[in-house]
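For reference, positions follow the sequence shown, starting with 1.
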Amino acid sequence: MRSDTTARTARRRTLRVAAAALTAAAALSLTACSGADAAGAKPAGHSDTAKGTAESGDTGSTAGAQASAAPASAGAKAEARNDAKAGAAGKQSGGAPAAGGGKASSAARTQRLADGVSTAEISKLGEQHYRAKIVARGEVLATLETKGHDDGLDANDMFVTLTLDGQVHSWMGGGHQGPGTFTLAGGWKAKVTKLGELRYRAQIIGHDGVAATLETHQHDVGLDANGIYLVLSSGGIISAHA
C-alpha cells in the first residue's frame with residue numbers, strides 16, 4: 001500500500017512539474033511573439049501618415065525653394081539688365097553735352113590792332129554775343145564783350161570797339177577830354193557831362209537831335225553809330241573814327 005501511494009504521489013509531482021514547464025514554455029513563446037510583433041509592427045496609419053507627411057514636406061520644401069529661387073533669379077537678371085541699361089544711359093548722358101548746357105565759344109580769330117603791337121583774340125559766344133581779348137606780348141591787357149550792346153576801350157590813347165556782329169575797329173588818338181561839347185568824325189557832336197567818380201555821360205547828337213547816349217559805370221563803353229565808331233572812357237575822354 002505504501003509503495004503504491006508513494007508511486008502515485010511521484011507521478012502527480014512529475015505531472016505538475018511537466019505542466020509547469022509547459023506553462024513556462026508557452027509564456028516564453030508568447031512573450032517572444034509579442035516582442036517580435038512589437039518590434040516589427042507599426043501603429044496603424046502612423047508610418048504611412050508620417051511618411052506621407054515627410055514626403056509632402058520634402059516636396060513642399062523643395063518646391064518652395066525652387067519657387068523662391070526662380071523669381072529671385074529672374075529679378076536678379078532683370079536688375080542686372082536695368083543696371084546695364086542705366087550704366088549705358090549714364091555713359092551716353094555723361095558723354096554728350098546736355099541741351100541748354102554751358103555755352104561753347106567758337107575758335108578765336110586774331111586781329112592786329114592799330115598800335116602794331118597788340119592783337120585782339122575774338123570769340124563768338126552766341127547770337128550777337130562776342131568777346132575780344134586784347135593781348136600784348138603774351139599778356140591779356142583787357143577784355144571787351146558784347147551783351148546786347150557794343151563795347152569799347154581806351155587803351156592808352158588807342159581806342160578799340162567791338163560791335164554786336166563781332167567786328168573789331170581800332171585807331172590811335174583823336175580823343176577829347178570831357179566835360180564839354182565836341183565835334184566828332186562823321187559830323188556827329190558829343191555833349192559830355194560828368195555824373196560822378198569815373199562816371200560820364202555822352203549824348204551823341206546828329207541833325208535830328210540826340211541819336212544815342214553813352215554812359216560809363218567805371219567801365220569804358222563803345223558804339224557803332226552807322227559806321228562811325230565811338231569810345232567814351234571812364235575818365236571822360238571821347239573819340240570817334242570813321
Side-chain angles (χ1 to χ4, degrees), residues 97 100-180 182-206 210-242:
K103 296 180 180 178
S105 62
S106 63
R109 74 179 194 273
T110 301
Q111 178 178 327
R112 187 170 293 279
L113 300 179
D115 64 356
V117 177
S118 305
T119 59
E121 295 181 356
I122 308 153
S123 303
K124 183 175 182 178
L125 305 180
E127 189 66 26
Q128 295 189 335
H129 190 181
Y130 288 83
R131 177 182 295 148
K133 294 180 180 180
I134 309 304
V135 181
R137 299 180 179 86
E139 294 185 7
V140 177
L141 303 180
T143 300
L144 301 177
E145 188 170 336
T146 63
K147 293 181 179 179
H149 56 76
D150 303 326
D151 201 3
L153 172 68
D154 175 5
N156 295 325
D157 207 33
M158 178 181 72
F159 299 92
V160 184
T161 61
L162 175 64
T163 64
L164 284 172
D165 59 356
Q167 300 302 311
V168 170
H169 299 270
S170 64
W171 64 96
M172 299 295 297
H176 303 275
Q177 177 67 62
F182 311 98
T183 300
L184 305 176
W188 295 101
K189 288 187 177 181
K191 181 180 180 180
V192 180
T193 55
K194 184 174 183 178
L195 303 178
E197 187 67 24
L198 298 178
R199 188 176 177 188
Y200 285 82
R201 176 184 295 149
Q203 292 178 312
I204 309 303
I205 305 170
V210 176
T213 300
L214 297 176
E215 189 169 323
T216 66
H217 292 272
Q218 299 183 350
H219 184 279
D220 301 345
V221 292
L223 176 67
D224 174 6
N226 295 328
I228 304 300
Y229 304 100
L230 302 96
V231 171
L232 175 64
S233 74
S234 58
I237 298 175
I238 190 165
S239 180
H241 188 265

Inset, instruction - To the nearest 0.5 Å, tell me how far Y229 OH sits from D150 CG. - result: 9.0 Å

Legend entry - Between OG1 on residue T161 and CG on residue D224, distance to nearest 0.5 Å: 7.0 Å

Legend entry - From CG (L141) to CD1 (I134), nearest 0.5 Å: 8.0 Å

Inset, instruction - Quick one: do I238 and L184 satisfy side-chain contact (heavy atoms from CB on, under 4.5 Å)? Show the steps, please. - result: CA-CA 9 Å; I238 190 165; L184 305 176; 4.1 Å; yes

Legend entry - Candidate pair Y200 and V221, rule side-chain contact (heavy atoms from CB on, under 4.5 Å), full reasoning: CA-CA 10 Å; Y200 285 82; V221 292; over 6 Å; no

Inset, instruction - Please answer whether the main-chain N or O of G235 pairs with a side-chain N or O of Q177 as donor and acceptor at a distance below 3.5 Å. - result: yes

Legend entry - For V231 against G152, the heavy-atom pair lying closest together: CG2-CA, 4.3 Å

Inset, instruction - Can you see which heavy atom on H129 is nearest to which on T146, and at what distance? - result: CD2-O, 2.8 Å

Legend entry - Y130: partners by ring-ring contact (aromatic ring centres under 6.0 Å, His included), with sequence neighbours left out: none

Inset, instruction - Measure the CD1-NE2 distance between I228 and H241 for me, rounded to the nearest 0.5 Å. - result: 9.0 Å

Inset, instruction - May I have the step-by-step check of side-chain contact (heavy atoms from CB on, under 4.5 Å) for R201 and K191, ending in yes or no? - result: CA-CA 8 Å; R201 176 184 295 149; K191 181 180 180 180; over 6 Å; no

Please set out all donor-acceptor pairs under 3.5 angstrom arising from side-chain atoms of residues 107-117, sequence neighbours excluded.
{"from": "R109", "atom 1": "NH2", "to": "G166", "atom 2": "O", "distance (Å)": "2.5"}
{"from": "Q111", "atom 1": "NE2", "to": "V168", "atom 2": "O", "distance (Å)": "2.9"}
{"from": "R112", "atom 1": "NH1", "to": "G116", "atom 2": "O", "distance (Å)": "3.0"}
{"from": "D115", "atom 1": "OD1", "to": "V117", "atom 2": "N", "distance (Å)": "3.0"}
{"from": "D115", "atom 1": "OD1", "to": "S118", "atom 2": "N", "distance (Å)": "2.9"}
{"from": "D115", "atom 1": "OD2", "to": "S118", "atom 2": "OG", "distance (Å)": "2.8"}

Inset, instruction - Can you sort out the partners of W188 under side-chain hydrogen bond (donor to acceptor under 3.5 Å, both in side chains), two or more places apart, ordered by chain and number? - result: none

Inset, instruction - Using the side-chain contact (heavy atoms from CB on, under 4.5 Å) rule, take I237 and F159 through it: C-alpha gap first, then chi angles, then the decisive distance, then the call. - result: CA-CA 10 Å; I237 298 175; F159 299 92; 4.0 Å; yes

Inset, instruction - Report the distance from atom NE2 of H219 to atom CZ of R199, rounding to the nearest 0.5 Å. - result: 15.0 Å

Inset, instruction - State the OG-CG distance between S234 and L153, to the nearest 0.5 angstrom. - result: 9.5 Å

Inset, instruction - Indicate yes or no: at least one non-hydrogen side-chain atom of H176 is less than 4.5 angstrom from one of V192. - result: no

